[in-house]
Structure formats: C-alpha cells, structure tokens
Amino acid sequence: MDTFLAKYENQINVFSELLDELPDTEEPLWILGQRYDVRAEKSELLSDVRSRLWFTYRKKFSPIGGTGPSSDAGWGCMLRCGQMILAQALVCWHLGREWRWDKDGRHPEEYRRILHCFLDKKDSCYSIHQMAQMGVGEGKLVGEWYGPNTIAQVLKKLALFDDWNSLAVYVSMDNTVVIEDISEFHFSFSEFQSTGLYTCTAVNRVSTLHHGGGLPGWKPLLLIIPLRMGINHINPVYIEALKECFKMPQSLGVLGGKPNLAYYFIGFIGEELIYLDPHTTQLAVESEAGGAVDDQSYHCNRSPHRMKVTSLDPSVALGFFCKTEEDFDSWCGLVQQEILRKSRLRMFELVEKHPPHWPPFVPPTKPEVHTTGAGRCCTDLQTVLRLLGCSIRNHPRGVRKTMV
C-alpha cells in the first residue's frame, strides 16, 4: 500500500510542476514575512523558497523502533511538515531570515548542525523516528497519520530534549494565546549549568514583560497556534486574517492541507496559498565521514506549488518565531492591529492574563534521563516512553488519515 501511494503521489507531483509556474501579475507575493514583486524579483523569490529546508517522505532508513516501518510514505506527511516549520525556526535563530542556501555547499557550521537534527536515524533529535515514537504519548500508533494539533504537541515535547537549541515551544489552547503563560514559560526556569536540567521556580513576570522591565534569559520562542477555521471548509471570514499572518516578520508559515494531504504553507499571492509539498519519496540520506551531508535533496528547486485558499482544510496550525522579547512584543502589536481589530470574527484571541476558569498553567519539564547522540542533541525516547507508561506499536496498515 505504501509503495502504491508513494508512486501515485510522485506522479501527481511531476504533473503539478507543469502547472505551478509563477503567475505574471502585479500583485505582491508574500513568503514568511518577505514581500516580493513577481515580475521584478523572481530570482530572489525562488532563491528564498529554495533556501527553506524541504523534508519529504523517505525510504530505506533504519526501522522505527527497531521493528517498525523503514519508510514514512503514505503516512508521514504531517510529520515532515512539522519538521519543516521547526527547521525554519532554527534557521531564523542561528542563520537569520535573510540567509540563503548555496547549492555549491558553502555553509556555516550552524547549518550543518541544524540539518543533522532532522536526519532519518534514531539519534537525531527531530528525526522521523523520534517524532513517530513521541506521538505514541499523544495516542498515535507508529504509522498513523497526524493532524496539525498532534504534531504541535509532539514538537513541544521533543524540544525539551534538544540541549543545543533550548527552544521554548508554546502551543496555545482553545484558540487563545496567553501572554502570562508565555512569560512564565520563559522565565520560571533556573538552569543547572552542570546538568543542563531545569527546575520550575514558579515566578510570574508578566507585568514586567509589557511594562518596560528588562527580562534576562529570554529563550527563542516557537509559538504554535492550532485552529479550526470552520466545520468542513474554511470559513471565508478568516481568509484575510490568515493572509496577514504570512506578512508578519515573525511568520513561520502554516501547517495544514487538504483532507488526507498535509502541506507546509509558506506564503500567498492573491487568493492562492504557496506551499512546500512533502509527497515525494526519496532515499534516506546518511551522513558522510566528518559529519558532512549531501543536502541537495533537502531543498526544493521547483517553482513553489499553489492552491486556492478556499480549498484549505479548516484544521491548521499557525507558526511564529520570536527570537527576542522585542520580537514577541512586536508580534503582539501586529496581532492587535492587523487581526483582532479588523476581524468581525476573530481567528484567535490574545489575552494578557491566564483565564481564571482554566486549569493552572504548568510549564513543561523533561524527565531526568541520560542524553544520547552527538552534541547531546536528543534523548533516547524509548526510555522516555517507558517513563510515560507508553508502548511502541506499529499501526497494522500503516495509514490512518484523520485531521486532529
């Protein structure tokens, strides 16, 4: 079944390449906070798209969990999209939004380290192996299809074991971003220098955040907002607000797609969304001697795909990256000005205080387990899952597609 799906999807991709040439239009095109004139800046635009890390189905990697699938074709598309949005956050942090990929292989060391985090092997901290196994804790068997909210929860948990990046991943609840919770999430941790572990000190500093005080220790923030923008189809009232999100400098794009097909949306032009498509099956890539990686297959050299925004499945997850406290303050201002004040039906809410009827906010912490892998990048999730009381099993058919 997986082989058939992979072959069918690859045929679709070859045909769609013929259809996805950029339109000849005066309308601006937006890619992750960058505005382009298609006629005058086509080469710059395509360079920007090529520079995004492109993760697709892979085959012939080591079996997940030792006895599980050795390919994610047919079920791993949302996991690959989750890898792409996280990789974009790491690129923005370590290399900057203006960084561009050099196909001749001249890359900074940070780029190589980012790529190693996503290689298809057990000890890469954001590999398909780690993501599929962490999903067991979210009620997903290895081989089941994920929705945007599930992959957001998986990324939040995996980030706790990434000692190199120490990225703060906040996933909103009930369509509401709570500034107080983000403040506590960032500044309620004391780091033990000798162990790299964290303990919660339960300090609330939200009043300082928005009243001019300095806040040492801000950790780069990956903010994910899972939403459902309709019942069976996207409600047109949300479309303009969705477009505004792609214009924000903090934009990481959107996880979503069509029923049973996950895409990583990175921008829009007119009434069409622009996306990277993971539905191409490629061979797994092994690192070479000295840690070098052939990265040609991790960058998409095609013109970007497009689809009508009205075809979008209503279940999505918005992504934003705030490297500094000032970035977060700016994002809050843009949300207030461009989304909340202009929308008669709000796509999501931004509130300062934790709602009193909600359960108390508890910042996530990682179990105290030994780390493995190069650079202490990740932790053996088999051990973590045992601590959580989870077992790793494979889905009998390998494919089950529902939006969650």
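- Counting all heavy atoms, side chain and backbone alike, A317 lies closest to I224 at CB-CG2, 3.9 Å.
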Could you go through the side-chain contact (heavy atoms from CB on, under 4.5 Å) check for N175 and E349 one step at a time?
CA-CA 6 Å; N175 297 357; E349 297 287 346; over 6 Å; no
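- The residues K121 and E286 are annotated as not salt-bridged, no charged nitrogen and carboxylate oxygen being separated by less than 4.0 angstrom.
- Close placement of the H94 and W164 rings is indicated, their centers lying within 6.0 Å of each other.
- Distance CD1/I269 to CG/L45: 8.5 Å, rounded to 0.5 Å.
- Rounding to the nearest 0.5 Å gives a distance of 7.0 Å between CG of L223 and CZ of F328.
- V177 is not listed as a side-chain neighbour of V335, based on a closest heavy-atom distance of 4.5 Å or more.
- By the neighbour-count criterion of 12 heavy atoms within 6.0 Å, atom CD1 of I231 is sparsely surrounded, having that number or fewer from other residues, nucleotides or ligands.
- No donor-acceptor contact under 3.5 angstrom links the side chains of E44 and Q34, judged on distance only.
- Residues passing the ring-ring contact (aromatic ring centres under 6.0 Å, His included) test with H354 are W358, sequence neighbours excluded.
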Test log, rule side-chain contact (heavy atoms from CB on, under 4.5 Å), inputs Q336 and L350:
CA-CA 8 Å; Q336 290 282 358; L350 176 65; 4.2 Å; yes
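- For the residue pair D123 and H129, no side-chain donor N or O sits within less than 3.5 Å of a side-chain acceptor on the partner.
- Looking at heavy atoms from C-beta onward, I274 lies in side-chain contact with I31 at the 4.5 angstrom threshold.
- Between the side chain of Y170 and the backbone N or O of V178 there is at least one donor-acceptor pair closer than 3.5 Å.
- Contact annotation: the side chain of S124 never approaches that of C117 to less than 4.5 Å [non-hydrogen atoms, C-beta and beyond].
- No option in Y298, F61, Y111, F55 other than F55 meets the ring-ring contact (aromatic ring centres under 6.0 Å, His included) test with F118.
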I'd like a table of donor-acceptor pairs (distance under 3.5 Å, sequence neighbours excluded) in which one partner is a side-chain atom from residues 81-91, with atom names and distances.
residue	atom	partner	partner atom	Å
Q83	OE1	R80	NH1	3.1
Q83	NE2	Y126	O	2.8
Q88	OE1	R52	NH1	3.0

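- Ion pairing between a basic and an acidic side chain is recognised when a charged N comes within 4.0 Å of a carboxylate O; R113 and E110 show no such pairing.
- In terms of heavy atoms, F321 sits closest to C92 at CD2-CB, 3.7 Å.
- Ring to ring, Y264 and Y275 are not that close: their centroids are 6.0 angstrom or more apart.
- Scanning both residues, W75 and I64, for their nearest heavy atoms gives CH2-CD1, 3.8 Å.
- Counting heavy atoms from C-beta on, the side chains of W54 and H299 never come closer than 4.5 Å.
- Distance alone, capped at 3.5 Å, places no donor-acceptor pair between the N165 side chain and the L167 backbone.
- Here the straight-line distance linking atom CG of N149 with atom CG of L255 works out to 11.0 Å at 0.5 Å rounding.
- Between the side chain of E272 and the backbone N or O of V309, no donor-acceptor pair lies under 3.5 Å.
- Within the 3.5 Å criterion, the main-chain N or O of M307 finds no donor-acceptor partner in the side chain of S311.
- Among all heavy-atom pairs drawn from K219 and S166, the shortest one is CE-O, 3.2 Å.
- Side-chain contact annotation: R58 with T280, donor-acceptor N/O pair under 3.5 Å absent.
- R97 has a carboxylate O that lies under 4.0 Å from a charged side-chain N of D48, or vice versa, which qualifies the two as a salt bridge.
- Between Q250 and S330, some side-chain heavy-atom pair lies under the 4.5 Å cut-off.
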Kindly indicate, with the supporting measurements, whether the criterion side-chain contact (heavy atoms from CB on, under 4.5 Å) is fulfilled by L276 and H305.
CA-CA 7 Å; L276 295 179; H305 294 297; over 6 Å; no
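- Ring to ring, W331 and F320 are close: their centroids are under 6.0 angstrom apart.
- Other residues, nucleotides and ligands contribute at most 12 non-hydrogen atoms within 6.0 Å of the CD atom of E26.
- The shortest non-hydrogen separation linking A152 to V171 is O-CG2, 3.6 Å.
- Remark: the backbone N or O of V38 is not paired with any side-chain donor or acceptor of E41 at under 3.5 angstrom.
- Rounding to the nearest 0.5 angstrom, the gap separating the CH2 atom in W218 from the OG atom in S183 is 8.5 Å.
- Judged by distance alone, with hydrogens and angles left aside, the side-chain atoms of S251 form no donor-acceptor pair with the main-chain N or O of M248 at under 3.5 Å.
- How far CG of L345 is from CG of N235: 6.5 Å, rounded to the nearest 0.5 Å.
- Within 6.0 Å of atom NE2 in H233, 12 or fewer heavy atoms from other residues, nucleotides or ligands are found, so the atom counts as exposed in its surroundings.
- Across L252 and L32, no two heavy atoms sit closer than the pair C-CD2, 3.4 Å.
- Here the straight-line distance linking atom CG of D72 with atom CE of M131 works out to 10.5 Å at 0.5 Å rounding.
- Between L79 and Y146, the closest side-chain pair of non-hydrogen atoms falls below 4.5 Å.
- With contacts defined as side-chain heavy-atom distances shorter than 4.5 Å, the pair D102/H107 qualifies.
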Would E271 and T310 satisfy side-chain contact (heavy atoms from CB on, under 4.5 Å), going step by step from the backbone distance to the final call?
CA-CA 8 Å; E271 299 304 313; T310 51; over 6 Å; no
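- W101 and D295 share a donor-acceptor pair across their side chains, judged by distance under 3.5 Å alone.
- A heavy-atom distance below 4.5 Å is not found between the side chains of C77 and Y263.
- Salt bridge K323/D327: absent, no basic N to carboxylate O contact under 4.0 Å.
- For the residue pair Q282 and T56, a side-chain donor N or O sits within less than 3.5 Å of a side-chain acceptor on the partner.
- By the neighbour-count criterion of 12 heavy atoms within 6.0 Å, atom NZ of K342 is densely surrounded, having more than that number from other residues, nucleotides or ligands.
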